[in-house]
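All heavy atoms count here, side chains included; hydrogens, waters and symmetry mates do not. Here, residue 1 is the first one in the sequence, and each next residue gets the next number. One-based numbering, in listed order, for ligands and for the atoms of each.
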Amino acid sequence: MSSPKILINGAKGRMGQALIAAAKELRLTVGAAIDAGDDVAAAVASCDVVVDFSSHHATRALLDAVIAQRKAIVIGTTGHSADDKATLLSLAARVPCVWAGNFSVGVNLLFALTRRAASVLGSDYDAEVIEMHHRFKKDAPSGTAERLLEIIREERGLAADSIRHGRHGITGERTPTEVGMHALRGGDVVGDHTVMFAALGERVELTHKASDRAIFARGALRAAQWVVDQKPGVYDMQDVLGLK
Ligand code: NAD
C-alpha cells in the first residue's frame, strides 16, 4: 500500500505527540488521532492501520475493532500482565500486527547482542538488567527490559520465576539461576537499558540510551507502513528491520 491512512491512538500523550510530529516529518498520512473517550470503532473504520501507544487498558477494545474491520495494527503500549498479554497476542494473530516493546533500531541491535552474549558467556556470568525512565512512567519494568529478560531466559533455559525484582534485606548469596531486574525512575530520562554479565574477574556491560522519543515514533511508523502488506500474524521489530 503506497500511503496507508494511519490512526494514532493515545494521541495526546508523549508518544502520541511524537508520532504526529514524525508522521509530518516523513510526509505520512494521519487519517485520525484519538485519545481516551473517543469513538474507537469509527476512527478504525476511517484508517488502514492503527498505531497504538496509549494504556494497557485500551488494547482489548482496540484489537476487537481492528479484528472486526480487518485492519492492521502496531502495538507499542506496555504494561500488560503476562496472562493478558498471552490472550491479546492470540487475538492479535488474526490480523497483521507488529507488537514490540521497543521500536528503536539501536535497541533491536541490543536484543541481538544480548542473545549472543548470554549464549557465549554462559551461566558463570551473572546476568542483571537495569533500566531507567522518566518520573511519569506508569509501569515497571519497561517493556524493553521485559524483552531483555525473556531473551536471557530463553538462551539459558530459565523459568519465569528466575527473575529477581530488586533486592532488600538478608537475601543470601546470589544463585546462578537468578536474573536481577532493577527499575530506576526519575527526571526526564527517555529510556536507558543496561544488561550486565558479571563473572569472577571480569564484567561485560551492554548499554543503550535513548535521548529522543522520535526514534520510537519513526520506528513505529516504519512498522505501520510495512505491516499493511503482511499476512495476518504477530510480528516484531526484528521482522520489520529484516534482522531475523
Ligand atoms: P502518556 O501517559 O504520555 O500517554 C498515554 C496517552 O494514552 C494519554 O494521552 C492517555 O490519555 C491516553 N489513553 C489512556 N487510555 C486510553 C484509551 N483507553 N484509549 C485511548 N487513549 C488512551 O504515555 P507515553 O509516554 O506516551 O507512553 C504510552 C505507552 O507507550 C506506554 O505504555 C509506554 O510504556 C509505551 N511506550 C512504548 C515504547 C516502545 O517503543 N514500544 C516507547 C515509548 C513508550
Side-chain angles (χ1 to χ4, degrees), residues 6-23 30 32-44 46-47 50-66 73-82 84-85 88-89 92 97-111 131-150 183-193 208-224 226-227 234-241 243:
I6 299 167
L7 164 62
I8 295 173
N9 192 44
K12 291 183 183 164
R14 282 172 289 263
M15 275 306 299
Q17 293 297 303
L19 283 158
I20 290 168
V30 176
I34 59 169
D35 206 278
D38 292 331
D39 185 342
V40 178
V44 170
S46 70
C47 294
V50 178
V51 177
D52 174 52
F53 284 75
S54 58
S55 155
H56 62 279
H57 298 297
T59 314
R60 180 61 197 257
L62 191 62
L63 264 179
D64 286 345
V66 168
I73 186 166
V74 173
I75 300 179
T77 300
T78 65
H80 307 91
S81 70
D84 283 354
K85 189 161 176 185
L88 293 167
L89 280 171
C97 171
V98 177
W99 191 319
N102 196 304
F103 282 89
S104 102
V105 175
V107 160
N108 280 278
L109 178 64
L110 176 67
F111 290 153
E131 59 106 323
M132 180 161 186
H133 282 82
H134 52 86
R135 63 168 71 148
F136 307 105
K137 186 163 175 61
K138 296 178 186 71
D139 56 308
S142 67
T144 306
E146 295 278 18
R147 181 66 192 128
L148 290 165
L149 294 168
E150 199 174 62
L184 283 60
R185 292 289 174 267
D188 59 359
V189 176
V190 173
D192 294 355
H193 293 88
H208 176 272
K209 294 188 179 191
S211 51
D212 186 342
R213 43 180 69 77
I215 57 164
F216 309 126
R218 288 191 206 110
L221 292 172
R222 183 165 166 177
W226 180 88
V227 78
V234 179
Y235 305 91
D236 62 19
M237 207 46 195
Q238 312 266 319
D239 295 305
V240 177
L241 297 172
L243 287 175

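Using a 4.0 Å heavy-atom cutoff, Gly101 is listed among the residues neighbouring ligand 1. Ligand 1 lies nowhere less than 4.0 angstrom from a heavy atom belonging to Gly79. Heavy-atom distances between Gln17 and ligand 1 stay at or above 4.0 Å for every pair.
For atom 5 (C) of ligand 1, the nearest protein heavy atom (residue, atom name, distance) is Ser54 O, 3.8 Å. Scanning the protein for heavy atoms near atom 15 (N) of ligand 1, the closest one is Ser55 CB, 3.6 Å. Asp35 OD2, 3.7 Å is the protein heavy atom nearest to atom 8 (C) of ligand 1. The protein heavy-atom contact nearest to atom 30 (O) of ligand 1 is Phe53 CD2, 3.5 Å. With hydrogens left out, the protein atom closest to atom 25 (O) of ligand 1 is Arg14 NE, 3.2 Å, a heavy atom. The protein heavy atom nearest to atom 44 (C) of ligand 1 is Met15 CG, 3.6 Å. Closest to atom 37 (C) of ligand 1 among all protein heavy atoms lies Gly76 O, 3.0 Å. Counting protein heavy atoms only, atom 16 (C) of ligand 1 is closest to Ala36 CB, 3.7 Å.
Backbone and side-chain nitrogen or oxygen atoms of Gly13 are examined, and one is located within less than 3.5 angstrom of a nitrogen or oxygen of ligand 1. Any N or O atom pair closer than 3.5 Å counts here, and His57 shares no such pair with ligand 1. Considering backbone and side-chain N/O of Thr78, one or more are found under 3.5 Å from N/O of ligand 1.
For the pair Ile6 and Leu221, the tightest heavy-atom approach, listed with the atom from each and the gap, is CD1-CD2, 4.0 Å.
Every residue two or more places apart in sequence or in another chain that forms a ring-ring contact (aromatic ring centres under 6.0 Å, His included) with Phe103 is listed here: Phe53.
Using a 4.0 Å cut-off between heavy atoms, Phe103 contacts ligand 1 through both its backbone and its side chain. Only side-chain heavy atoms of Lys138 come within less than 4.0 Å of ligand 1; its backbone N, CA, C and O stay farther off. Heavy atoms of Asn9 found under 4.0 angstrom from ligand 1 belong exclusively to the side chain. Contact annotation: for Lys137 versus ligand 1, heavy atoms closer than 4.0 Å belong to the side chain alone.
Looking only at atom types and distance, the side chain of Thr59 has a donor-acceptor partner in the side chain of His80 under 3.5 Å away.
Between Trp99 and Tyr235, the ring center distance fails the sub-6.0 Å criterion.
With Asn108 as the partner, the side chain to side chain donor-acceptor pair (under 3.5 Å) test is satisfied by one option alone out of Gln238, His208, Arg147: Gln238.
In the displayed structure, Arg185 atom CZ is contacted under 6.0 Å by more than 12 heavy atoms of other residues, nucleotides or ligands.
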